[in-house]
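Read the structure below first, then the notes.
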Amino acid sequence: MSGYRCPTSSALDCVLSSFQMTNETVNIWTHFLPTWYFLWRLLALGSPGFRADPYHLPLLVFLLPACLYPFASCCAHTFSSMSPRARHICYFLDYGALSLYSLGCAFPYAAYSMPTSWLHSRLHQLFVPAAALNSFLCTGLSCYSRFPELEYPGFSKALRTAAFAYPFLFDNLPLFYRLRLCWGGAHSCGRDALSSNHSYHLLCALLTGFLFAARLPERLAPGRFDYIGHSHQLFHICAVLGTHFQLEAVLADMGSRRAWLAMQEPTLGLEATVATLSLAVIGNLFIIAAFTASLLRIPGTCPLLQGSPLEEGLQAKQQ
């Protein structure tokens, strides 16, 4: 209800606003600082000796989009007040980065976290290619969800939620199966035992989805959480914590299962990994470009490109 920036800010104004208290300030910093944390983890793990071992390649592939998605989110929240069109394009790019992150998760899960009974099954062989196709679906649905946002806000929100929930559920199928296998300790899990970090990651993911959909706590006290404590800030924090625990869980699987996995044939080599990533990046950029072109063809009088009443009132006041 308050704390909005001018909806026609310059790029410099947007950057400077991150050092002022607005309703976007905490959103910006809760993803800007984690970007550097994950970049530090990538550089720390990416020493020449570590990179030279093909066994570590899926982990490094995972860390690339883990650095990208908080940075893209930070930029989207920073520059979204330049214009209505800029706002939509910023979030198109944000959604694309999240889609690539969902693909990045599939590489270490396929390499280190598959249940023993699934190894070299058809699902295992198609896991990463299917995740790449899921990233296209995720980007397409989430970008499209911005167009009916004003006329059908409930449908738009449901579509966007489904766009990100589906890749999450698919990527975590190996963990759900291992969790069910070991639930209650009735069976000996052996190599399928989950570390506590897997549980923490799944819990953070559930909290992230709940906060995104429920809009709590601001629904209970409108205006009180405009600057600090609203659901999107909590959503950012839970998402970053989930990625941290996910990284630790992948490292645990990578270490505890290495001797056994060393005797198995890897599902993807270097060439296939690079090809899959490259095609996914190109495909997602193409989808974003298509939606951007559609957005640019829309006349400026369209309600989609008009600011909210709060933003228009702020602009009139500043003028």
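Scope of the values below: all heavy atoms of this structure, side chains included, with no hydrogens, waters or symmetry mates. A quick note: this is a predicted structure, and the numbers were derived from the prediction, not measured. Note that the numbering runs from 1 along the sequence shown for the chain.
The structure places CG of Leu57 at 10.5 Å from CZ of Phe50, a figure rounded to the nearest 0.5 Å. To the nearest 0.5 Å, atoms CG (Leu59) and CG (Leu42) are separated by 8.5 Å. Taking CZ from Phe62 and OH from Tyr101, the interatomic distance works out to 4.5 Å, rounded to the nearest 0.5 Å. Between the CG atom of Leu202 and the CG atom of Leu179 there is a distance of 7.0 Å, given to the nearest 0.5 Å. Considering CD1 of Ile28 and SG of Cys75, their distance stands at 9.5 Å, rounded to 0.5 Å. Taken from SG in Cys302 to CG in Leu304, the straight-line distance is 5.0 Å, to the nearest 0.5 Å.
In summary, Asp253 and Arg258 do not engage in a salt bridge, as defined by a charged side-chain N under 4.0 Å from a carboxylate O.
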Practice task
Show the numbers, then the answer: is there a side-chain contact (heavy atoms from CB on, under 4.5 Å) between Phe92 and Arg146?
Solution key: CA-CA 9 Å; Phe92 290 165; Arg146 299 196 67 84; 3.8 Å; yes
Problem - side-chain hydrogen bond (donor to acceptor under 3.5 Å, both in side chains) between Arg41 and Tyr37, worked out - result: CA-CA 6 Å; Arg41 294 297 301 267; Tyr37 167 72; 2.8 Å; yes
Exercise for the section: Assess whether side-chain contact (heavy atoms from CB on, under 4.5 Å) is satisfied between Cys74 and Thr78, documenting all intermediate values. Expected result: CA-CA 6 Å; Cys74 167; Thr78 300; 4.1 Å; yes
Practice task
Please step through side-chain contact (heavy atoms from CB on, under 4.5 Å) for the pair Phe79 and Val15, ending with a clear verdict.
Solution key: CA-CA 8 Å; Phe79 298 107; Val15 173; 3.8 Å; yes
Practice task
Take Cys182 and Leu194 through the test side-chain contact (heavy atoms from CB on, under 4.5 Å) and record every step on the way to the result.
Solution key: CA-CA 8 Å; Cys182 301; Leu194 292 173; 5.9 Å; no
Problem - side-chain hydrogen bond (donor to acceptor under 3.5 Å, both in side chains) between Gln233 and His236, intermediate numbers included - result: CA-CA 5 Å; Gln233 297 168 358; His236 275 201; over 6 Å; no
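Taking the six-membered ring for Trp and the full ring otherwise, His124 and Phe127 have centroids separated by 6.0 Å or more. Centroid-to-centroid, the aromatic rings of His244 and His201 stay 6.0 Å apart or farther. Within the 6.0 Å centre-distance limit, the rings of Phe19 and Trp29 are counted as a close aromatic pair.
Between Thr139 and Cys143 there is a side-chain heavy-atom pair separated by less than 4.5 Å. The side-chain heavy atoms of Ser294 and Ile298, taken from C-beta on, include no pair separated by under 4.5 Å. Considering only heavy atoms from C-beta on, Tyr200 stays 4.5 Å or farther from Leu241 through its side chain. Within the 4.5 Å cutoff, the side chain of Phe176 has heavy atoms near those of the Leu169 side chain. Put simply, the side chain of Trp260 reaches to within 4.5 Å of the side chain of Leu119, judged on heavy atoms. For the pair Tyr166 and Cys138, the minimum side-chain heavy-atom distance is 4.5 Å or more. Residues Thr276 and Phe107 form a side-chain contact, since some pair of their non-hydrogen atoms from C-beta on lies under 4.5 Å apart. Between Arg257 and Thr116 there is a side-chain heavy-atom pair separated by less than 4.5 Å.
Between the side chain of Ser17 and the backbone N or O of Gln20, no donor-acceptor pair lies under 3.5 Å. Judged by distance alone, the side chain of Arg178 and the main-chain N or O of Leu173 form no donor-acceptor pair under 3.5 Å. A donor-acceptor pair is defined here as one N or O able to donate and one able to accept, closer than 3.5 Å; no such pair exists between the side chain of Arg85 and the backbone of Leu305. A donor-acceptor contact shorter than 3.5 Å is absent between the side chain of Asn27 and the backbone of His77. Under a 3.5 Å cut-off, the side chain of Ser156 and the backbone N or O of Tyr152 do not form any donor-acceptor pair. Ser80 contributes no side-chain N or O that, together with a main-chain N or O of Arg87, makes up a donor-acceptor pair within less than 3.5 Å. Side-chain atoms of Ser9 never come within 3.5 Å of backbone atoms of Met82 as a donor-acceptor pair (strictly under, hydrogens ignored). In this structure, Tyr144 contributes its side chain and Leu159 its backbone to no donor-acceptor pair below 3.5 Å.
Linking Ile, Leu, Val, Met, Phe, Trp and Tyr whenever their side-chain heavy atoms come within less than 4.5 Å leaves Trp118 and Leu126 in two separate clusters. In the hydrophobic clustering of ILVMFWY residues, with side-chain heavy atoms under 4.5 Å counting as a link, Leu203 and Phe210 come out apart. Cluster annotation: Leu181 and Met114 are assigned to the same hydrophobic cluster (Ile/Leu/Val/Met/Phe/Trp/Tyr, side-chain heavy-atom contacts under 4.5 Å, transitive). Hydrophobic clustering, with ILVMFWY side chains joined whenever heavy atoms are under 4.5 angstrom apart, groups Leu251 together with Trp40. Linking ILVMFWY residues whenever their side-chain heavy atoms come closer than 4.5 Å, directly or via other members, places Val250 and Leu39 in the same cluster.
Below 30°, between 30° and 60°, or above 60°: for Phe32 and Trp36 the angle between ring planes is above 60°, a perpendicular geometry.
Gly283 and Phe136 make their closest contact through CA-CE2, 3.6 Å (heavy atoms, listed as atom of the first residue, atom of the second, distance). In this structure, Ser2 and Tyr227 approach most closely via the heavy-atom pair OG-CE1, 3.7 Å. Across Leu216 and Ser231, no two heavy atoms sit closer than the pair O-CB, 3.0 Å. Closest approach of Val128 and Leu103 over heavy atoms only: O-CD1, 3.9 Å. Looking at every heavy atom in both residues, Val240 comes nearest to Phe38 through O-CZ, 3.8 Å. A pairwise comparison of heavy atoms in Leu261 and Ala111 identifies CD1-O, 3.4 Å as the closest pair.
Heavy-atom neighbours of Tyr55 OH from other residues, nucleotides or ligands within 6.0 Å: above the threshold of 12. In Phe147, the CZ atom is crowded: over 12 heavy atoms of neighbouring residues, nucleotides or ligands sit closer than 6.0 Å.
Side-chain atoms of Thr22 and Arg5 include no donor-acceptor pair closer than 3.5 Å. Looking only at atom types and distance, the side chain of Gln246 has a donor-acceptor partner in the side chain of Tyr109 under 3.5 Å away. A donor atom on one side chain and an acceptor atom on the other are not found under 3.5 Å apart for Ser142 and Tyr91. Side-chain contact annotation: Ser135 with Ser99, donor-acceptor N/O pair under 3.5 Å absent. Between the side chains of Arg160 and Ser145, at least one donor N or O lies within less than 3.5 Å of an accepting N or O.
Results of the side chain to side chain contact (heavy atoms under 4.5 Å, CB included) test with Tyr69 over Asp94, Thr243, Leu100 single out Thr243 as the only residue that passes.
For Lys157 and Phe212, the positive end sits near the middle of the six-membered ring, less than 6.0 Å away and at most 45° from its axis.
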